[in-house]
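Single-structure report; data block below.
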2 protein chains.
Amino acid sequence: MVRRTREEAEQTRCLLLDTAEQLFSVKGVSKTTLADIATAAGLTRGAVYWHFENKLDLYRAMLDRVAPAFDTIRTELLTAAEADPAQALWAHSLNVNRVIASEPQIRRILLILLKRSEHVDELAPIHDECVAHMREGQDVLRQIFQLACDRHQTLPHVDPTLAACALQSIHNGMIDLSLEDSGCFDLEHQAGDVLAYLYRGLFRSEVLENLSPRL
Amino acid sequence: MVRRTREEAEQTRCLLLDTAEQLFSVKGVSKTTLADIATAAGLTRGAVYWHFENKLDLYRAMLDRVAPAFDTIRTELLTAAEADPAQALWAHSLNVNRVIASEPQIRRILLILLKRSEHVDELAPIHDECVAHMREGQDVLRQIFQLACDRHQTLPHVDPTLAACALQSIHNGMIDLSLEDSGCFDLEHQAGDVLAYLYRGLFRSEVLENLSPRL
DNA sequence: TTTTACATACGTTCTTGCATGTATGTAAAT
DNA sequence: ATTTACATACATGCAAGAACGTATGTAAAA
């Protein structure tokens with residue numbers, strides 16, 4: 001399979017990334033060799049080394065493909081927050097679940113990040129970026145909870161920082177559960193109700209009644 | 001360092017497990033070789049192969065050292081549940097955080113399980129056991145939430161299964177956050193307040209007021 | 001004709017598993 | 001109380017196979 005034009009080369013690159021995604025999610029990152037990826041893609045290691053410097057470079061490129069999706073969600077949250085913080089958070093929570101439940105590629109990448117790679121050594125800097133990204137996300141949540149507090153949407157004694165931790169934690173926990181092979185948790189159908197329990201402990205009932213879609 | 005008696009041999013075994021724990025948590029499981037462990041312990045690979053069949057056997061033995069701690073916590077939960085389910089759950093939640101916060105060995109093992117190993121291949125059966133253990137734990141939580149529902153301790157429309165998911169998720173999420181190097185979350189000091197938000201969305205206020213230690 | 005997009009071949013570095021060596025402990029026979 | 005016989009607790013050496021990086025070959029595109 002010899003690709004000749006630039007266009008076909010781009011296809012080859014995508015194929016390698018898709019194949020890597022697949023193999024990483026099944027065999028784990030450390031157990032998947034560049035030869036495995038090349039062979040599974042119907043190519044040779046030469047092709048891999050043409051498109052990527054090494055395994056780490058390929059790994060980073062693979063993750064970069066899904067970053068925009070998360071940026072989009074965050075932007076939507078920020079723009080909606082000024083009008084109604086509580087509503088913005090609720091919509092955001094459902095958004096996160098919907099995206100993860102509906103896009104297999106996102107699920108595969110999360111699976112690789114959370115359960116198919118070791119967060120050390122060469123991969124450490126990449127995972128550090130992910131953690132930094134997560135902390136930014138948590139800070140965004142904190143700001144919006146602060147807004148909600150200022151507008152008295154939250155229950156008394158709700159601290160914005162801790163509320164952000166709570167929301168982030170329960171989201172991460174649910175994502176983790178849903179990624180287990182056993183499939184003991186279904187993000188699309190159960191996450192809304194689970195989130196509702198937490199929201200009821202954070203926001204006043206008048207606020208909760210006005211959330212759409214219905215809490 | 002030649003150990004001659006059985007007693008000294010047991011010490012050597014422990015030393016190897018301690019060393020493995022340390023190295024796994026720093027370098028990751030796949031990047032840590034048996035030679036690394038042996039050398040760091042001041043021994044050779046021969047010693048490792050004497051005490052353990054192979055790397056997998058060593059890994060399992062390492063995990064087995066902390067299993068009793070979790071069993072103890074679960075037993076405490078079950079015995080306390082009959083008298084007062086809500087109180088038992090609250091005490092259990094605080095217990096989990098206290099144990100993890102106070103015992104470095106537990107934290108190291110959790111770190112290895114969650115962020116320093118790939119849940120595939122030879123390690124897969126071990127991690128499957130962990131998942132099974134977790135699901136049993138979730139079922140215990142469900143049963144106790146069922147008790148709480150029966151006694152009208154919970155708010156209306158709280159489903160035991162989903163409540164168990166919620167509690168498990170937020171616990172796992174907090175543990176995950178607390179294990180990050182950045183230390184952006186402190187299990188011992190912040191987890192109680194975060195948990196309180198969820199409990200307020202699950203239990204009636206009369207029940208919450210009677211929880212000790214104070215919610 | 002040069003560059004692109006790969007394929008092929010080679011050398012090196014780990015890592016593992018096993019086989020073997022050896023010094024010490026231990027229990028029973030004498 | 002010795003000696004004998006064997007088990008224990010490691011250390012050392014070797015063979016074999018990954019996996020990687022690189023160097024080189026090659027056919028088509030530009």
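Below, read A as the first sequence line, B as the second, and so on, with proteins coming before strands; counting in each chain starts at 1. As a basis for the values below, the full set of heavy atoms in this structure was taken, side chains included, without hydrogen atoms, waters or symmetry mates.
The list of side-chain hydrogen bond (donor to acceptor under 3.5 Å, both in side chains) pairs with a residue in residues 191-203 of chain A, not counting sequence neighbours, reads A:S93-A:Y199.
Nucleotide C:dA5 holds its C1' atom 13 Å from the CZ atom of A:F52, rounded to whole Å. As rounded to whole Å, 14 Å separates atom C1' of D:dG21 from atom CD of A:E122. In this structure, B:E10 atom CD and C:dG25 atom P are separated by 18 Å, rounded to whole Å. Atom CH2 of A:W50 and atom P of D:dA23 are 14 Å apart (whole Å). A:L58 places its CG atom 16 Å from the P atom of D:dA19, with the value rounded to the nearest Å. Following rounding to the nearest Å, B:L15 (CG) and D:dC10 (C1') show an atom-to-atom distance of 13 Å. Distance A:I37 CD1 to D:dG21 P: 12 Å, rounded to the nearest Å. Atom CD in A:E8 sits about 12 Å away from atom C1' in C:dC6, given to the nearest Å.
Between B:E129 and B:R60 there is a salt bridge, since a side-chain N of the basic residue sits under 4.0 Å from a carboxylate O of the acidic one. The existence of a salt bridge linking B:D176 and B:K115 is confirmed by a sub-4.0 Å separation between a basic side-chain nitrogen and an acidic carboxylate oxygen. Between A:R108 and A:E21, at least one side-chain N (NZ, or NE/NH1/NH2) sits under 4.0 Å from a carboxylate O, which counts as a salt bridge.
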Every protein N/O lying under 3.5 Å from an N/O of nucleotides 11-20 of chain C:
residue	atom	partner	partner atom	Å
C:dT16	OP2	B:L34	N	3.4
C:dG17	OP2	B:Y49	OH	2.6
C:dG17	N7	B:R45	NH1	3.1
C:dG17	O6	B:R45	NH2	2.5

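Neither OP1 nor OP2 of C:dA5 sits under 4.0 Å from any side-chain N or O of A:T12. Between B:H51 and D:dC10, a side-chain N or O to OP1/OP2 separation shorter than 4.0 Å is present.
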With side chain to side chain donor-acceptor pair (under 3.5 Å) as the criterion, how do B:E76 and B:N95 come out once you've worked through the C-alpha distance, each side chain's angles and the decisive distance to 0.1 Å? CA-CA 10 Å; B:E76 287 178 19; B:N95 240 345; 2.9 Å; yes
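The ring-ring contact (aromatic ring centres under 6.0 Å, His included) check on A:H127 picks up A:H119, with sequence neighbours excluded.
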